[in-house]
Amino acid sequence: MTLTGKTIGFAFTGSFCTFSDIEQQVRHLLAEGANIRPIFSSNVQITDSRFGNTKDYIDHIVKLTGNQPILTVEEAEPIGPSACLDILLIAPCTGNTLAKLANGITDTPVLMAAKAHLRNQKPLVISLSTNDALGMNFKNIGQLYNTKNIYFVPFGQDNPDKKPASMIARTEQIIPTLKLALEGRQIQPVISPPLN
C-alpha cells in the first residue's frame with residue numbers, strides 16, 4: 001500500500017514533549033506523497049509549555065502541510081458527510097483523548113474528527129503517549145484495540161523505573177502502521193520492549 005495521494009487527517013493532542021518527533025513524522029509522510037490535513041485539539045491551541053509556543057508550532061505545521069488547520073468542533077464535523085479523509089491519525093494521543101474516545105465524548109476538534117471519520121468505516125490510527133497507559137487508561141486501550149477500524153502504532157514503556165504506568169508509541173512505526181491500516185490490518189507486534 002502506498003501513501004502517495006492519500007489524504008491523511010493528522011490530529012495533534014497535548015503531549016507536548018513529543019512534538020519535535022511528531023513534526024519529523026509529518027515530514028516523512030509528506031515525503032511519501034501524502035496530503036496532510038492538520039487538526040489541533042483545543043488544549044494544543046491554548047497551552048504553551050516548556051517545549052515551546054504552540055501558536056508557533058501550529059503555524060509551522062500548517063506551513064509544512066500547505067493546508068489550513070481544523071481548529072473547532074464545527075470545522076471537524078463535516079469530515080463525516082464529506083468523507084474527505086482516507087485515514088485519520090491521532091499523534092500524539094494523550095490519555096485524556098484516549099479515555100474520551102473510548103467513552104464516545106466529542107468535545108474537542110480531534111474527538112469530533114475521530115467520530116465523524118469513523119462513521120465512514122475508514123481507519124483511525126492511534127499513536128499513544130500517556131503516563132497512565134498501565135493505570136486508569138489500560139481498560140480504554142483494551143476497549144479501543146477491540147473496536148472495528150481502530151489501529152495502534154506499536155507502543156511500549158518509555159521509563160519503567162520512574163514511570164511504570166507510562167507508555168509511548170514507537171513513532172518510527174507510524175508509516176508502516178498507516179499502510180497496513182489502509183488494508184484493514186493491525187501491524188504486529190503491538191507491544192514493544194521498553195525504550196530503556
Side-chain angles (χ1 to χ4, degrees), residues 6-19 22 25-26 29 34-49 54-55 57-58 61-62 65 67-133 135-153 155 167-169 171 174 177-178 181-182 184 186 190:
K6 298 293 184 186
T7 298
I8 300 173
F10 201 122
F12 299 75
T13 69
S15 181
F16 302 104
C17 61
T18 66
F19 276 15
I22 294 299
Q25 301 312 311
V26 170
L29 287 167
N35 174 40
I36 295 178
R37 292 290 312 276
I39 305 160
F40 295 95
S41 75
S42 307
N43 283 338
V44 170
Q45 295 176 51
I46 62 171
T47 307
D48 292 331
S49 72
T54 53
K55 182 183 183 306
Y57 186 79
I58 290 170
I61 296 296
V62 168
T65 64
N67 287 316
Q68 286 302 303
I70 293 173
L71 300 174
T72 67
V73 169
E74 292 80 8
E75 290 171 352
E77 191 277 333
I79 288 172
S82 68
C84 60
L85 304 178
D86 293 299
I87 192 166
L88 175 61
L89 167 68
I90 304 177
C93 182
T94 62
N96 185 54
T97 296
L98 188 81
K100 289 182 175 183
L101 182 62
N103 288 282
I105 298 169
T106 55
D107 62 350
T108 74
V110 168
L111 290 162
M112 177 55 78
K115 175 185 177 180
H117 178 71
L118 284 170
R119 89 174 209 176
N120 295 318
Q121 300 185 38
K122 292 182 178 181
L124 166 64
V125 172
I126 294 172
S127 181
L128 193 64
S129 180
T130 176
N131 286 327
D132 70 342
M136 292 297 289
N137 252 311
F138 198 33
K139 65 182 181 297
N140 297 318
I141 293 170
Q143 181 176 330
L144 292 172
Y145 186 79
N146 283 302
T147 300
K148 185 178 179 181
N149 297 318
I150 294 182
Y151 304 88
F152 280 84
V153 177
F155 57 91
M167 299 186 91
I168 191 167
T171 55
I174 282 177
T177 304
L178 291 171
L182 283 164
Q186 170 64 57
V190 179

Gap separating the [atom1] atom of [X] from the [atom2] atom of [Y], nearest 0.5 angstrom:
| X | Y | atom1 | atom2 | value |
| --- | --- | --- | --- | --- |
| Phe10 | Ile87 | CZ | CD1 | 11.5 Å |
| Ile39 | Met112 | CD1 | CE | 12.0 Å |
| Gln143 | Asn103 | CD | CG | 6.0 Å |
| Ile168 | Ser129 | CD1 | OG | 4.0 Å |
| Ile150 | Ile141 | CD1 | CD1 | 12.5 Å |

Review point. Checking side chain to side chain contact (heavy atoms under 4.5 Å, CB included) for the pair Leu111/Thr97: CA distance, chi angles, key distance, verdict?
Key: CA-CA 7 Å; Leu111 290 162; Thr97 296; 4.0 Å; yes
Taking every non-hydrogen atom, the tightest pair across [X] and [Y]:
| X | Y | result |
| --- | --- | --- |
| Ser127 | Ala91 | CB-CB, 3.6 Å |
| Leu144 | Ala102 | CD2-CA, 3.8 Å |
| Tyr145 | Gln186 | OH-CG, 4.0 Å |
| Pro123 | His117 | O-NE2, 2.8 Å |
| Thr13 | Thr94 | OG1-N, 3.1 Å |
| Phe152 | Thr177 | O-CG2, 3.6 Å |

Review point. Would you find a donor on one side and an acceptor on the other, under 3.5 Å apart, between the side chain of Gln121 and the backbone of Asn149?
Key: no
Practice item. Evaluate the criterion side chain to side chain contact (heavy atoms under 4.5 Å, CB included) for residue pair Val190 and Phe155; output intermediate values, then yes/no. Key: CA-CA 6 Å; Val190 179; Phe155 57 91; 3.6 Å; yes
**Study point:** Given Thr7, Leu29, Ile61, the one that forms side-chain contact (heavy atoms from CB on, under 4.5 Å) with Ile36
**Key:** Leu29
Check your understanding: Which one of Thr147, Leu85, Leu88 satisfies the side-chain contact (heavy atoms from CB on, under 4.5 Å) criterion with Leu124?
Key -> Leu88
Exercise for review: Look at the aromatic rings of Phe12 and Phe40 and report parallel, tilted or perpendicular, splitting at 30° and 60°.
Suggested key: parallel
Check your understanding: Going through the checks in order, is the side chain to side chain contact (heavy atoms under 4.5 Å, CB included) test met by Ile90 and Val110?
Key -> CA-CA 8 Å; Ile90 304 177; Val110 168; 4.0 Å; yes
Check your understanding: What residue pairs, at least two apart or across chains, pass salt bridge (charged side-chain N to carboxylate O under 4.0 Å, His left out) with a residue in residues 75-98?
Key -> none
Practice item. Please step through side chain to side chain contact (heavy atoms under 4.5 Å, CB included) for the pair Ile126 and Leu101, ending with a clear verdict. Key: CA-CA 11 Å; Ile126 294 172; Leu101 182 62; 3.9 Å; yes
Revision key, fill the gap. Exactly one of Thr108, Asn140, Asp107 clears side-chain hydrogen bond (donor to acceptor under 3.5 Å, both in side chains) with Lys100, and that residue is Asp107
